[in-house]
Amino acid sequence: EADIYQTPRYLVIGTGKKITLECSQTMGHDKMYWYQQDPGMELHLIHYSYGVNSTEKGDLSSESTVSRIRTEHFPLTLESARPSHTSQYLCASSVDRGQETQYFGPGTRLLVL
Amino acid sequence: GESVGLHLPTLSVQEGDNSIINCAYSNSASDYFIWYKQESGKGPQFIIDIRSNMDKRQGQRVTVLLNKTVKHLSLQIAATQPGDSAVYFCAENRGYSTLTFGKGTMLLVSP
């Protein structure tokens, strides 16, 4: 069982607000990831990190930003939320030893009004 | 943004039956594949993985088969139970420690 946490689990917010989705893992994993997933759809990689001070953009263009100041923490920020940002956001981590298995958090479901 | 996944393939089985979920992958250079199970309201959960130097791998009640010739992956679940009802995703290693996920198959198990 993976120890990876996301907060909040659900968020309803108005257009134009700044939001930060939190993700923390206690496994000491070097690599962390953010995915966006609409209901019934596949996961799309939006950001990832190889370790502290490393951030990369994924496949899906996203207006969000991420930071990796500590190994265990990988927050995602939207400076100005819009209804098109409504989706589920999933955080994952993996160990950097030639194994690509990613372990996922429970997700944050975001609704922007 | 949000959209309705009306096109999600669905497999309906009776409890106790064996289930087979299929996945076609895109990159012939992929060397690692994973099956995930996602229950409603939860994040994906690791089920089983397989490397490209293998054709078959077995776990508890699950078997993954890999056919590299036709770039096809399957997940077999033996004696399917209602608790197996979920959406199942295959994922392939795309390099740089990132995964590409397939579109998912919903498995519905009726008692």
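What you see below is based on every heavy atom in this structure, not just the backbone, and it leaves out hydrogens, waters and symmetry mates. As the structure is a computational prediction, the values presented were derived from the model and not from experiment. Chain identifiers are assigned alphabetically (A, B, ...) following the order of the sequence lines, protein sequences preceding nucleic acid strands; residue numbering begins at 1 within each chain.
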Is [X] linked to [Y] within one hydrophobic cluster, defined over Ile, Leu, Val, Met, Phe, Trp and Tyr using a side-chain heavy-atom separation of less than 4.5 Å?
X: B:Phe33; Y: B:Leu75; value: yes
X: B:Ile20; Y: B:Ile34; value: no
X: B:Ile47; Y: B:Val109; value: yes
X: A:Leu78; Y: A:Leu111; value: no
X: B:Ile48; Y: B:Leu66; value: yes

Does any heavy atom of chain B fall under 4.5 Å from the side chain of A:Arg82, the backbone, both, or neither of them?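 Contact with chain B involves no heavy atom of A:Arg82 at all.
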Quick one: of A:Leu90, A:Val112, A:Asp59, who has the most non-hydrogen atom pairs under 4.5 Å with chain B?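 Looking at each option in turn, the highest pair count goes to A:Asp59.
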Chain B interface, residue from A:Gly107, A:Pro106, A:Gly58 that has the most non-hydrogen pairs under 4.5 Å: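 Most pairs with chain B among the choices: A:Pro106.
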When only pairs under 4.5 Å are counted, which of B:Gly41, B:Gly104, B:Pro44 shares the most heavy-atom pairs with chain A?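 Among the listed options, the one with the most contacts to chain A is B:Pro44.
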Once rounded to the nearest 0.5 Å, what's the spacing between atom OG1 of B:Thr98 and atom CD of A:Gln102?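 The OG1 atom of B:Thr98 sits 7.5 Å away from the CD atom of A:Gln102.
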Any chance you could measure B:Lys42, atom NZ, to A:Arg9, atom CZ, to the nearest 0.5 Å?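 Output value for this atom pair is 9.5 Å.
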Flag if over 12 foreign heavy atoms under 6.0 Å of CD1, A:Ile69: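 It does not: A:Ile69 CD1 has 12 such atoms or fewer within range.
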Given side chains that start at C-beta, do those of A:Tyr48 and B:Leu99 come closer than 4.5 Å, heavy atoms only?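 No - every pair of side-chain heavy atoms lies 4.5 Å or more apart.
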So B:Phe101 and A:Leu45, side-chain contact (heavy atoms from CB on, under 4.5 Å) or not? Walk me through it. CA-CA 9 Å; B:Phe101 283 80; A:Leu45 182 67; over 6 Å; no
Determine the minimum heavy-atom distance between A:Thr101 and B:Phe46, stating which atoms define it.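 Scanning both residues completely, I find the closest heavy atoms to be CG2-CD1, 3.4 Å.
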